[in-house]
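Step one of this worksheet: look at the structure below.
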Amino acid sequence: MNLRGNLVGSGVWSIGIRVVGTGLAFLLTVLLARVMGPESYGVYSFVLSLLILLSIPLQAGLPSLAVREVAKAEIAEDWPVIKGMWFWIVRTILLYSAILAGVLMILDVAGISWLSHERYEVFIIGIFAIPFTGLLISQGAIIRGLGRLVVGIIPDGIVRPVLPLLIIGLTMAFAWRDNITPQYAMIAYVASLVFATLLSGFIIVALMPSTKRELKDCRFDIYNWRRAAYPLTIVGGLQLMYSYSDIIILGLFHGDVEVGIYRAVGQLGTLVIFGLSTINQLLHTQFSKLYFTGDVAKLQKIVTYSSLGILSLALIPSIALVLGGEVVLKLAFGEGYERGALALLILTLGQLANAAFGSVGALLNMTGHERDAMKGMLYSLGINFILAFILIPPFGIEGAALATAISLFLWNGILRYYVRKRLNIESSGLLLVIKGKSIKQ
């Protein structure tokens, strides 16, 4: 009971902020989708998905590594390692961004056309989002690793969606609605990333003891960090691909209208796993600390309670989306988006299964078994790509949703197997309840 009370007490503010942040992000999506319409919103969505895929090496592995290593260093109050981790992450992000910019310049000089004119214009603006996305997410992870769960969520969870929402809202208030193009929306997005990144950096400095803020006493463990970051990047990258590769593949075979509708469907689908993403961020540090201190019994309790909480939070939006998907789409996004009702039903069921398995990926990543998570993700993503290229050309958005739903189920099943094998832990509280096992032991 004390454990459950501590979890609820430490997590209530974190979950509250995530609820607000998710609501703001969803409101921004609704606003952009309504103002721009399916076609223009499809252009913006395709480019945004492409930018996120290009930033995978920056936002996939580094944040998970930062949470894990900073959490361990924080226990020993080892500030030189914490500062060294931050400095190394910044340097890595800047180096990758410079290399990527060089490659894109070569393609441009060579006259290689790989995007339509309108998509390319939006992409050139959005390219500046790549380094700031990596910095923002990694710095938020460092803050959470220092034990400041609530503060660590604010820059990315609140500030980032608030600023473009204000920009778009003020533009509409001054009757400049025609100015809200995909290019304009991308400028607002990049501006919000820059501001939120600066804020998160300031928070890290503020959390340091005043005597520990000099960079000269940084300590690095680059070999081991790189060695751990590789599988974490693969795992995190595959998770991002699950979220965005279907939009890219859909955009290759179908027009921007279909992409815009499917993006709206996907945004509603993320409401189902809101609890999963929120509780995972809340418990990353706990998973790492309990495993490395050998308290497996307490780790199982936390996993079980969190799994049941994740599933409970997933059931609420799932019922509404399954029973009234067409109505929800039309009310939220406007005329034309209701065509995605069947795809929404399929994706909702897939995400519900995802929630039912619990925090399988986070458990493996935070306990040093990221290579197992990587293997499971590789298997399931391979199946996802095969299904996507088979189903999307003839079935469009319904094919994309079905490919994603099937691969999500297979991915979670594989990762659950590795969790049981490596940790001797049942990730799904639902399965424990079905088997009639006690969770109070």
Side-chain angles (χ1 to χ4, degrees), residues 20-55 115-133 136 155-199 243-244 247-248 250-251 254-271 328-340 344 397:
V20 173
T22 300
L24 291 170
F26 184 74
L27 182 58
L28 176 63
T29 297
V30 170
L31 191 60
L32 290 175
R34 280 184 169 275
V35 172
M36 293 193 291
E39 185 171 5
S40 292
Y41 183 62
V43 173
Y44 173 79
S45 299
F46 181 88
V47 173
L48 185 61
S49 299
L50 180 59
L51 291 169
I52 291 174
L53 289 179
L54 288 175
S55 66
L115 286 174
S116 67
H117 178 69
E118 189 172 12
R119 287 178 176 178
Y120 185 73
E121 285 185 345
V122 181
F123 177 79
I124 290 300
I125 298 170
I127 194 69
F128 295 98
I130 292 177
F132 286 102
T133 297
L136 174 60
D156 185 39
I158 300 293
V159 175
R160 185 178 57 81
V162 160
L163 288 182
L165 189 59
L166 288 174
I167 293 172
I168 301 299
L170 287 173
T171 302
M172 294 182 65
F174 284 99
W176 296 333
R177 181 171 180 154
D178 291 341
N179 292 335
I180 303 177
T181 62
Q183 293 88 339
Y184 188 84
M186 188 58 69
I187 290 173
Y189 177 74
V190 173
S192 69
L193 282 172
V194 173
F195 185 85
T197 299
L198 294 175
L199 176 62
S243 301
Y244 296 98
I247 292 181
I248 299 297
L250 182 64
H254 296 270
D256 291 322
V257 173
E258 286 80 4
V259 173
I261 294 173
Y262 188 69
R263 171 69 172 172
V265 167
Q267 289 297 297
L268 286 175
T270 58
L271 297 178
V328 173
L329 280 167
K330 189 172 182 178
L331 287 175
F333 300 103
E335 294 288 343
Y337 289 96
E338 66 272 14
R339 287 172 46 194
L344 178 60
I397 58 177

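What you see is a predicted model; the values in this text were computed from it and never measured.
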Work out which heavy atom in Tyr244 is nearest to a heavy atom in Ser49; give both atom names and the distance. CD2-OG, 3.5 Å
Hey, is CZ on Phe123 packed in by over 12 heavy atoms from elsewhere, all under 6.0 Å? yes
Say you draw a straight line from CD1 of Ile397 to CD1 of Ile247; how long is it, rounded to the nearest 0.5 Å? 11.5 Å
Does a side-chain heavy-atom distance below 4.5 Å link Phe26 with Leu268? yes
Give a yes or no answer on whether the side chain of Gln267 reaches the backbone of Val265 with a donor-acceptor pair at less than 3.5 Å. no
Nearest heavy-atom approach of Pro155 to Leu136 is CB-CD1, 3.8 Å
Least distance between heavy atoms, Val190 atom then Ala129 atom: CG2-CB, 4.0 Å
Atom pair CD1/CG of Ile168 and Leu28 - distance to nearest 0.5 Å: 7.0 Å
When every non-hydrogen atom of Val259 is compared with those of Gly251, the smallest separation belongs to CG2-CA, 3.6 Å
Got a second to check how far Thr29's OG1 is from Leu165's CG, nearest 0.5 Å? 10.0 Å
Side chains of Val159 and Phe195: closer than 4.5 Å at any heavy-atom pair? yes
Distance, nearest 0.5 Å, that separates CG of Leu48 from CZ of Arg263: 5.5 Å
Side chains of Val43 and Met36 in contact at under 4.5 Å (non-hydrogen atoms): no
Any chance CZ of Arg119 has more than 12 other-residue heavy atoms, nucleotides or ligands included, within less than 6.0 Å? yes
Residues which pass ring-ring contact (aromatic ring centres under 6.0 Å, His included) with Tyr337, listed by chain and number, not counting sequence neighbours: Phe333
To the nearest 0.5 angstrom, please state how far the CG atom of Leu24 sits from the CD1 atom of Ile158. 5.5 Å
Between Glu118 and Ser116, does a side-chain hydrogen bond (donor to acceptor under 3.5 Å, both in side chains) hold up when you go through it step by step? CA-CA 6 Å; Glu118 189 172 12; Ser116 67; over 6 Å; no
Can you tell me how far CD1 of Ile261 sits from CG of Leu344, rounded to the nearest 0.5 angstrom? 12.5 Å
For Ser40, what residues pass the side chain to side chain donor-acceptor pair (under 3.5 Å) criterion, not counting sequence neighbours? none
I need the single residue from Leu193, Thr197, Leu54 that forms a side chain to side chain contact (heavy atoms under 4.5 Å, CB included) with Thr133. Which is it? Leu193
Under 3.5 Å: donor-acceptor pair, side chain of Arg34, backbone of Ala332: yes
